[in-house]
There are 2 protein chains.
Amino acid sequence: MSSTSSCLVTKLSHYVSLSEADCVRLATLEKAERTFDAGHEVYQGGDENKDLYVVKHGWAFSYTDLPDGRRQIVKIHHPGDIIGFPDVALKHATTTLRTVEDVCLCPFPKSSLDEILRESPKLSALLLSIALRDQVVLIDVLRAMGRMSAQERVSYMLLDLISRLRITNPGITDTIRLPMTQSQIADYLGLTNVYISKTFIRMEEDGYIHRDQNRLQILREDAMIELTDFHDRYADMDTSWFPQD
Amino acid sequence: MSSTSSCLVTKLSHYVSLSEADCVRLATLEKAERTFDAGHEVYQGGDENKDLYVVKHGWAFSYTDLPDGRRQIVKIHHPGDIIGFPDVALKHATTTLRTVEDVCLCPFPKSSLDEILRESPKLSALLLSIALRDQVVLIDVLRAMGRMSAQERVSYMLLDLISRLRITNPGITDTIRLPMTQSQIADYLGLTNVYISKTFIRMEEDGYIHRDQNRLQILREDAMIELTDFHDRYADMDTSWFPQD
DNA sequence: ACCATGCTTTCAACTGGATTGAATTCCGCC
DNA sequence: GGCGGAATTCAATCCAGTTGAAAGCATGGT
């Protein structure tokens, strides 16, 4: 019961069945809670990175700036995500973490990770797999940024978002809440807010999407999948080689 | 002696001191050898991925295509690199591997990785760290692709290349061999071959670089570091938390 | 009800980099 | 030494996306 209320357990159980002991281990990470207002910067690039965070609810994102202010959002975080994982390898945080809306985060020290690595081979394999899978996802984003038009990039982003949201909430059909501003979407896709606006309008006219407030309905998912040659990396994971406990 | 002749051992020893047993374990991965001509495709995206490869000598790269032929090179591989690591998480290869020049690769099965994970905590931590560090590097590339001009992207690429080559060969000062064609560089940076040519010429005129055959000399490394806000992720790794054996 | 604030949309001028095709240089090879 | 194919360079043109500013629209606070 206590374990099923954990976003992290819900998300990771999607990939592999976890022992009761492992569920408890994970749920422990979400013991501490901190809430943050919308638009708050939780930590900055360059800070010493001691903690990781599990997202309990709300959206956040990680970004880097160039010295002249150009901004690149590199990852959008949803409930159940582990924030700051890549930075474990380095001495300092490489990105800044900012909340999109009111958010609840569960901080836990890097050392907890250490403990998992020593005590649960299955969770270790899962963590390594997630790190590697996230590389594949970053490569997909790279492909979008390097070679896709604005409309293709927006389509790719929406498909990726809905795939990720479906992991924890299989009930989602074709409509998602999109709390990010168009400027933030632009900073994620390497475009400008103006052109995001134009692209959304065009996509709505062409019947790909429908917008209502901050809810977005994907009307022609198949067409968008073909347009972007989209692959759902979250559904294609290979857990067959994992050690059993 | 047998261990020091391994590219992989040389590369990984740069990050952490390895026990004799671990050196042997790694050197074993390079037992089998296969050579490939320049421009050869070793495996294709979509193939079942059974093997990983260690690069013994020569350059290669991994790329993905869009259905209409647009191409994105996602990673350039040098001696000592492990090829195909991200795909371990998935059932199928996500990229195609192509050689730049005559290359010698050492294939080894995914299962060898499994063995390392079970038997050497220190190597496991190192592999996880490298996976996470590679995420950070991909994020740096993403930032370049999303927000940098052509000249900044070329500068970033050159700085990244020379940093990586210095890991295994600290003797490198400011000159590198660059066996890739300008079309390949363009496919890596999300530009066109024509514009790469123009950018190189401009950078040479401005005194940033000097070219001679396929050798490239970086004349104003400091200026390029400032231009791109470059961080050497290969030098900044945090191995302090690794388990001892 | 009103203003302040921040987001989206619109407009018009502009430009970095793309495209195309042809010319040139380079280089391995017979 | 000269042939053939690839890589690079050059020049002209074009366009997707930028820039900056202004106008419309929500939302929430007092």
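Because the structure is predicted, anything quoted here is derived from the model rather than measured.
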In whole angstroms, the gap separating P of C:dT9 from CE of A:Met203 amounts to 14 Å
Separation between CD (A:Glu101) and CE (A:Met180), nearest 0.5 Å, reads 10.5 Å
So, with a heavy-atom separation below 4.0 Å from DNA chain D, the residues of residues 60-74 of chain A are none
Taken to the nearest whole Å, CD/A:Glu205 to C1'/C:dT10 is 13 Å
Expected string for nucleotides 14-30 of chain C under the B/S/- scheme (protein heavy atoms, under 4.0 Å, primed atoms plus P, OP1, OP2 as sugar-phosphate) is --SBSBB------S---
The complete set of side chain to side chain donor-acceptor pair (under 3.5 Å) pairs with one or both residues in residues 47-57 of chain A, sequence neighbours excluded, reads A:Glu33-A:Lys56
Separation between CE (B:Met157) and CG (B:Leu178), nearest 0.5 Å, reads 6.0 Å
So salt bridge (charged side-chain N to carboxylate O under 4.0 Å, His left out) across residues 87-100 of chain A, not counting sequence neighbours, yields A:Glu41-A:Arg98
Double-helix bend of the helix from C:dA1-D:dT30 to C:dC30-D:dG1, axes at both ends from 5 pairs, round to 10°, gives 40°
Applied to residues 192-203 of chain B, the salt bridge (charged side-chain N to carboxylate O under 4.0 Å, His left out) test, sequence neighbours excluded, yields B:Arg202-B:Asp206
When rounded to whole Å, the CD to P distance for the pair B:Glu101 and D:dA6 reads 19 Å
Between CZ of A:Phe200 and C1' of C:dT9 the distance, given in whole Å, is 13 Å
Sorted by chain and residue number, the salt bridge (Lys or Arg N to Asp or Glu O under 4.0 Å) partners of B:Arg211 (sequence neighbours excluded) come out as B:Glu204
A:Asp65 meets the side-chain hydrogen bond (donor to acceptor under 3.5 Å, both in side chains) criterion, sequence neighbours left out, with A:Arg71
For A:Phe200, the ring pair (Phe, Tyr, Trp, His ring centres under 6.0 Å) test, sequence neighbours excluded, returns none
Here the gap from A:Ser163 atom OG to A:Asp232 atom CG, rounded to the nearest 0.5 Å, amounts to 4.0 Å
- Message: Evaluate A:Met224 against A:Leu158 for side-chain contact (heavy atoms from CB on, under 4.5 Å), listing each step before the verdict.
- Response: CA-CA 9 Å; A:Met224 285 162 65; A:Leu158 295 177; 4.1 Å; yes
note: A:Arg211, atom CZ; C:dC7, atom P; distance rounded to Å ~ 16 Å
To the nearest angstrom, the CZ-C1' distance between A:Arg202 and C:dT9 comes to 16 Å
Classify the side-chain pair B:Ser62/B:His77 by whether it contains a donor and acceptor separated by less than 3.5 Å.
yes
Within residues 176-187 of chain B, the residues having a heavy atom closer than 4.0 Å to DNA chain D are B:Thr181, B:Gln182
Here the salt bridge (charged side-chain N to carboxylate O under 4.0 Å, His left out) pairs for residues 130-159 of chain A, sequence neighbours left out, are A:Lys75-A:Asp134, A:Asp140-A:Arg233, A:Arg143-A:Asp229, A:Arg147-B:Asp187, A:Glu152-B:Arg70
Residues at least two apart in sequence or cross-chain that pass side-chain hydrogen bond (donor to acceptor under 3.5 Å, both in side chains) with A:Lys110, listed by chain then number, are B:Asp238
